[in-house]
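Following: one structure in structure tokens, then a few remarks.
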Amino acid sequence: MRRLTLTALAGAFLLAGAAEAAEPPPGASSCTGCHAPMKVADSVIPRISGRKASDIATAMREYRSGTWPSSVMGRIAKGFDDAQVDAIAAWFAAQPE
């Protein structure tokens, strides 16, 4: 039992490391121009690295539909379909916080 648990944990760590090391999906670079990978003092633009993928995807969809009004994000989000939004959200969620 213990060996199975250790094997499962090792696999989870490998997958997590692979997600961090993976190339960003197309479109993710448009996010990093404003959303810094590290905390920036006094920035009004939130970091998205390490956030839940579902939260990132929901926000993108709300910006895209106009449910969550914005000056910039709505225009950016309209350029992505659901599959691209999900891929971008998953990639940012896998990045270190």
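Along the sequence shown, residues are numbered consecutively beginning with 1.
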Between [X] (side chain) and [Y] (backbone), is there a donor-acceptor pair under 3.5 Å?
X	Y	result
Q95	F92	no
R64	F80	yes
T58	D55	no

Taking all non-hydrogen atoms of both residues, which atom of [X] and which atom of [Y] are closest, and how far apart?
X	Y	answer
I88	C31	CG2-SG, 4.1 Å
A22	W91	O-NE1, 3.1 Å
Y63	W68	CD2-O, 3.2 Å
I56	I48	CD1-O, 3.6 Å
A93	A53	CB-N, 3.5 Å

Once you round to the nearest 0.5 Å, how far does [atom1] of [X] lie from [atom2] of [Y]?
X	Y	atom1	atom2	answer
R47	C34	CZ	SG	15.5 Å
T67	R61	OG1	CZ	12.0 Å
S43	H35	OG	NE2	9.0 Å
M73	M60	CE	CE	5.0 Å

- Task: Report whether V72 and I45 are members of the same hydrophobic cluster (ILVMFWY, side-chain heavy atoms less than 4.5 Å apart, transitive linking).
- Result: no

